[in-house]
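Have a look at the structure below, then the notes.
Convention: sequence-line order gives letters A, B, ...; per-chain numbering from 1.
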Protein chains: 2
Amino acid sequence: MNEAQAVSALGALAHAQRLRVFRSLVVAGPEGLTPSVLADQLDVARNALSFHLKELAHAGLVTIEQQGRNLIYRADFSQMNGLLGYLTEHCCQGSTCEVSDSSSACTSC
Amino acid sequence: MNEAQAVSALGALAHAQRLRVFRSLVVAGPEGLTPSVLADQLDVARNALSFHLKELAHAGLVTIEQQGRNLIYRADFSQMNGLLGYLTEHCCQGSTCEVSDSSSACTSC
DNA sequence: CCATTGATTCAATAATTGATGTATTATTGA
DNA sequence: TCAATAATACATCAATTATTGAATCAATGG
């Protein structure tokens with residue numbers, strides 16, 4: 001994960017509808033979802049959804065697989081983890097983070 | 001962390017200069033940095049930097065403390081961890097994630 | 001082959017965001 | 001109070017991004 005990839009991924013997620021789409025795909029897990037299901041689930045117009053899915057795919061956050069006449073979209077967890085790692089690496093100069101909860105997100109501390 | 005906060009935070013980070021600023025603050029840790037130091041370090045015009053810091057502050061990603069005539073900016077790690085948690089919660093419907101590395105970002109799997 | 005359904009692409013408009021220069025506020029020290 | 005410095009606020013123009021509707025492409029089944 002480099003800076004350009006991170007900016008691209010963050011930009012793709014910095015939109016309410018796309019964030020909902022992505023989170024739906026994250027929740028769906030390895031099974032993935034089709035655009036039809038997503039459109040029904042999130043109440044988004046299909047062409048708008050198509051546009052947003054393309055944005056997410058372009059940022060590398062989702063993968064596409066064709067099955068017959070349906071497409072299966074899946075969240076790309078390795079890319080996601082790369083992004084999370086990019087955001088937190090080298091943090092706090094080796095000292096402990098001031099985190100209040102038990103989240104392990106700040107792994108390099 | 002709700003959706004609006006997440007979108008705001010992601011939008012704030014989805015910009016190369018702001019991402020650099022934020023990562024510098026993350027690396028600086030609890031000590032924080034002043035706008036002057038950041039401007040020198042990143043070679044950004046001071047008024048542009050001020051604008052970007054305001055964006056980050058508005059998204060809740062950085063905190064501001066005044067010390068005499070200087071301001072100290074710090075990354076807000078609790079907000080950051082909230083964002084990371086928001087992105088990954090409920091993922092994969094309880095099944096294991098398809099992560100290739102040893103990152104622990106996907107904590108709810 | 002043709003009708004139907006799933007999905008995408010295109011083009012025009014509307015809206016948001018970014019960069020830049022200037023002006024303003026606030027603090028320090030004499 | 002005055003000068004100098006740190007930092008922000010504002011206004012403007014340029015550029016990017018989002019939305020919408022219509023048209024197009026592709027696959028399935030009769």
- line: Which of dT8(D), dT9(C), dA9(D) is nearest the side chain of Pro35(B)? It is dT8(D)
- prompt: Mind checking whether Gln79(B) and Met1(B) have side chains closer than 4.5 Å, heavy atoms only?
  reply: yes
field: Nearest atoms (heavy-atom pairs only) where Leu71(B) meets Pro35(B)
entry: O-CD, 3.3 Å
task: Report yes if at least one side-chain N or O of Asn70(B) is closer than 4.0 Å to OP1 or OP2 of dA7(D); otherwise report no.
output: yes
- request: Round to a whole Å and report the spacing from CZ of Phe51(B) to C1' of dC10(D).
  value: 12 Å
query: Leu42(B) has an atom CG; how far is it from atom P of dA19(C), in whole Å?
result: 14 Å
query: From Glu65(B) CD over to Asn70(B) CG, what is the distance, rounded to the nearest 0.5 angstrom?
result: 11.0 Å
message: Whole angstroms only, please: what is the CG-P distance between Asn47(B) and dT24(C)?
response: 16 Å
message: Among dT9(C), dA7(D), dT19(D), which nucleotide has an atom closest to any side-chain atom of Lys54(A)?
response: dT9(C)
query: Would one find a side-chain N or O of His15(B) under 4.0 angstrom from OP1 or OP2 of dA19(C)?
result: yes
Salt-bridge present (Asp40(A), Arg46(A); N to O < 4.0 Å): yes
d(CD, Gln67(B); C1', dA7(D)) in whole Å: 15 Å
query: Would you say a side-chain N or O of Tyr73(A) is under 4.0 Å from OP1 or OP2 of dG6(C)?
result: no
query: Under 4.0 Å between a side-chain N/O of His52(B) and OP1 or OP2 of dA19(C), yes or no?
result: yes
- prompt: Mind pulling the stems DNA chain C is in, i.e. runs of at least three Watson-Crick or G-U pairs, everything under 3.5 Å?
  reply: C:1-30 with D:1-30
- prompt: Between Arg46(A) (CZ) and dC10(C) (C1'), how many Å, whole number?
  reply: 20 Å
- request: Grab the CG-C1' distance between Leu49(A) and dT19(D) for me, whole Å please.
  value: 14 Å
message: When you compare the side chain of Leu33(B) with that of Tyr73(B), does any pair of heavy atoms fall below 4.5 Å?
response: no
query: Glu55(B) CD to dG18(C) P: how many Å, rounded?
result: 6 Å
query: Quick one: are Val44(A) and Gln17(A) in side-chain contact, heavy atoms under 4.5 Å?
result: yes
Closest-nucleotide ordering on DNA chain C, the 5'-leading residue of Arg69(B) and Arg69(A): Arg69(A)
statement: DNA chain D nearest-nucleotide lookup for Gln66(A) and Leu53(B): closer to the 5′ end is Leu53(B)
message: Please report the distance, rounded to the nearest Å, between CD1 in Ile64(B) and C1' in dA9(D).
response: 14 Å
- prompt: Hey, does the side chain of Arg18(B) come within less than 4.0 Å of dG18(C)'s phosphate (OP1/OP2), counting only N and O?
  reply: yes
message: When you compare the side chain of Ile72(A) with that of Thr63(A), does any pair of heavy atoms fall below 4.5 Å?
response: no
